[in-house]
Amino acid sequence: MSEELKFHFIVDGDDFTSAGKASVQVKKNLRQLGLSPETIRRVSIAMYEGEINMVIHAGGGVADVTVTEDYIEILLSDKGPGIKDIDQAMQEGFSTASDNIRSLGFGAGMGLPNMKRYTDYMDIKSTVGVGTDITMRVNI
Amino acid sequence: MTVEALTEYGFEAICMPDPDREITGVYIGDLLSWVMGRAKSGDAWLTIMSNINIVAVASLADTSCIILAEGVTLESDVIKTAEAKDINVFSFSGSCYDAAVLLSGLL
Ligand SMILES: Nc1ncnc2c1ncn2[C@@H]1O[C@H](COP(=O)(O)OP(=O)(O)O)[C@@H](O)[C@H]1O
Ligand SMILES: [Mg+2]
């Protein structure tokens, strides 16, 4: 793989039943590239958590995935309400999700911690009232 | 043991597109992020959750099958999605505990 590969996805904000589409597609693409199952698992779970967050908390957004020789990078960008206190949001169990969302099995407050856990690098830039940009990288 | 062998022990196959998949452990939980954070690849996932999102979670976490305890079943569109995504799903009449005890003797 000498050239970078890029995938772009629009994450629909109001369709819960198809939430996770982009992550499932990325999993497929990475499989075709012959990456190790463990790398694929880490990338696709981290991306799924981020994708679900954009659906639940931000009304949707966009996802860009870049595959290089050394790492896979996931950029998630939304124009949602932003995160007021990132340290608090990163804590296991912290969640502002509604009961309705919780009844679907989401809202455990483990999404951001999982994203951190499964990636080698994670950066959150968020401004209240403007939106949130998250960069994650998994080394190959 | 393989997923297919479950049918001999009171687990009812709802869909089994990948019968030869090996079960290497068990994880119990209904909160999806916990499953993605803690379940291991190859685990049988015991849950009572039946909404469509369990299919994506099982696929991404790479569990060997979903086992719905307490006799929970799936709506037909969820079954179709599971089938298409290669996800094995079973129904079990007892509790998650009952299923785990049974599996513990089999694995
Ligand atoms: N893209 C986002 N936009 C706005 N707020 C977010 C976003 N992602 C996460 N958050 C905030 O951070 C909290 C923790 O996120 P997370 O760990 O994924 O838990 P959960 O999604 O289960 O609530 C969320 O409840 C929400 O308040
Ligand atoms: Mg989340």
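To find a chain, count down the sequence lines: A is the first, B the second, and so on, and within it residues start at 1. Reckoned from all heavy atoms, side chains included, excluding hydrogens, waters and symmetry mates.
Once rounded to the nearest 0.5 Å, the distance linking OG of S44(A) with CG of D62(B) reads 8.5 Å. Interatomic distance, CD1 of I45(A) versus CG of L60(B), reported as 6.5 Å (0.5 Å rounding).
In the hydrophobic cluster analysis, where Ile, Leu, Val, Met, Phe, Trp and Tyr join through side-chain heavy atoms closer than 4.5 angstrom, F92(B) is grouped apart from I54(B). A chain of hydrophobic side-chain contacts below 4.5 Å, direct or via other Ile, Leu, Val, Met, Phe, Trp or Tyr residues, connects V11(A) to I56(A). Hydrophobic cluster membership differs between V35(B) and F90(B), with clusters built from Ile, Leu, Val, Met, Phe, Trp and Tyr side chains linked at under 4.5 angstrom. By the rule that hydrophobic residues join a cluster once side-chain heavy atoms approach within less than 4.5 Å of another member, I140(A) and L5(A) end up as members of one cluster. At a threshold of 4.5 Å between side-chain heavy atoms, the hydrophobic network of Ile, Leu, Val, Met, Phe, Trp and Tyr places M16(B) and L106(B) in one connected group.
Atom CD of E12(B) is surrounded by 12 or fewer heavy atoms from other residues, nucleotides or ligands within 6.0 Å. Within 6.0 Å of the CZ atom in R102(A), the count of heavy atoms belonging to other residues, nucleotides or ligands exceeds 12. Applying the 6.0 Å contact sphere to CD1 of I48(B) captures no more than 12 heavy atoms from other residues, nucleotides or ligands. More than 12 heavy atoms of other residues, nucleotides or ligands shown are found within 6.0 angstrom of OH on Y121(A). The environment of CD in E70(B) is crowded: more than 12 heavy-atom neighbours from other residues, nucleotides or ligands sit within 6.0 Å. Environment of CD1 in I10(A): sparse, with no more than 12 heavy atoms of neighbouring residues, nucleotides or ligands closer than 6.0 Å.
Nearest approach of N53(B) to A19(A), heavy atoms of both residues: OD1-O, 4.4 Å. Nearest heavy atoms, A108(A) versus W34(B): CB-CD1, 3.9 Å. Of all non-hydrogen atoms in L32(B) and L104(A), the two that sit nearest each other are CD1-O, 3.6 Å. G111(A) and S33(B) make their closest contact through N-OG, 3.9 Å (heavy atoms, listed as atom of the first residue, atom of the second, distance).
With sequence neighbours excluded, no residue forms a ring pair (Phe, Tyr, Trp, His ring centres under 6.0 Å) with Y27(B).
Between the side chain of K85(B) and the main chain of V24(A), no donor-acceptor pair closer than 3.5 Å is present.
Listed by sequence position, E92(A) are the residues of residues 77-99 of chain A in contact with chain B, using a 4.5 angstrom heavy-atom cutoff.
Contact of L31(B) with chain A is made through backbone and side chain together, with heavy-atom distances under 4.5 Å. Residue contact with chain B, scored on non-hydrogen atoms closer than 4.5 Å, involves the backbone and the side chain of R41(A) alike. Interface remark: D30(B) contributes backbone atoms only to the contact with chain A (heavy atom separation under 4.5 Å).
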Handout entry: Stepwise side-chain contact (heavy atoms from CB on, under 4.5 Å) test for Y48(A) and V57(B)
Key = CA-CA 9 Å; Y48(A) 181 73; V57(B) 168; 3.9 Å; yes

Problem - Trace of the side-chain contact (heavy atoms from CB on, under 4.5 Å) decision for R117(A) with M36(B) - result: CA-CA 11 Å; R117(A) 177 191 172 96; M36(B) 287 185 287; over 6 Å; no

